[in-house]
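Notes for the one structure printed next.
Excluded from the calculations below are hydrogen atoms, water molecules and symmetry mates; all remaining heavy atoms, backbone and side chain alike, are included. As the structure is a computational prediction, the values presented were derived from the model and not from experiment.
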Amino acid sequence: LIEWDRNDEIGALVREYNRMVDELSESADLLARSERESAWREMAKQVAHEIKNPLTPMKLTVQHLQRAWKEKSPNLDTIMSQVSATLVEQIDTLSNIATEFSNFAKMPKANNEQVDLGAILRNVVTLYGENESATITYYEHHPTGFYVYADKEQLMRVFSNLLKNAIQAIPDHT
């Protein structure tokens, strides 16, 4: 703000300038608040999406167990064991989501380096390659390596989440 004590034409210009600076400051504050609210809404949508991912297979698994119980399935022990393992895994996933969300304010700084994207994909596919819902195969199209400048841990999480979401999206037809 500009200070001017006289009540002349320059004083009128200074007062008008100061008024406009105040309005601009208020507008900037409103915009910043709106952007923060929008970011939190987007974060809430993302967390809700991440929570829904494990809930669907949990529901389908419990329904499968209920059918097996109702039909007095002869392999109920095996089904119970599989259902228990699946539910524990999905509960761990939900717990991790909650932990990551609570740690959001202190997200680790990216450790960017030159990493081989193919090696990361191979590692993630190895984790998810064989499961009950799908068989995931990785075909190496660039044998000399495809390098990117990124955080290795974050890339592994991205590809892991993509594969996990894809597997969970496969309907249970058992």
Is there a path of hydrophobic side-chain contacts, each under 4.5 Å between heavy atoms, that joins [X] and [Y]?
X      : Y      : value
Leu155 : Tyr147 : no
Leu60  : Leu76  : no
Leu1   : Trp4   : yes
Met156 : Val148 : yes
Val158 : Leu117 : yes

Checklist line | Greater than 12 external heavy atoms within 6.0 Å of Asp77's CG | finding: no
Next item on the list: Mind checking the CD-CG spacing from Glu9 to Leu13? Nearest 0.5 Å is all I need.
Entry: 8.0 Å
Notebook entry, point to check: Just how far is it from atom CG of Asp116 to atom CZ of Arg122, taken to the nearest 0.5 Å?
Noted result: 6.0 Å
Note to self: For Ser73 versus Ile79, what's the shortest heavy-atom pair and its separation?
What the structure shows: OG-CD1, 3.7 Å
Next item on the list: Determine yes or no for a side-chain-to-main-chain donor-acceptor pair under 3.5 angstrom, with Asn75 supplying the side chain and Thr78 the backbone.
Entry: no
Next item on the list: Kindly indicate whether the side chain of Lys152, heavy atoms from C-beta on, has any atom under 4.5 Å from the side chain of Asn111.
Entry: no
Side-chain atoms of residues 14-31: list all donor-acceptor pairs with protein atoms under 3.5 Å, sequence neighbours left out, distances to 0.1 Å.
from  : atom 1 : to    : atom 2 : distance (Å)
Arg15 : NH1    : Gly11 : O      : 3.4
Arg15 : NH2    : Asn7  : OD1    : 3.2
Glu16 : OE1    : Arg19 : NE     : 3.3
Glu16 : OE2    : Arg19 : NE     : 3.3
Glu16 : OE2    : Arg19 : NH2    : 2.3
Asn18 : OD1    : Ile2  : N      : 2.9
Asn18 : ND2    : Ile2  : O      : 2.7
Asn18 : ND2    : Val14 : O      : 3.4
Arg19 : NH1    : Glu23 : OE1    : 3.4
Arg19 : NH1    : Glu23 : OE2    : 2.2
Ser27 : OG     : Glu23 : O      : 3.1

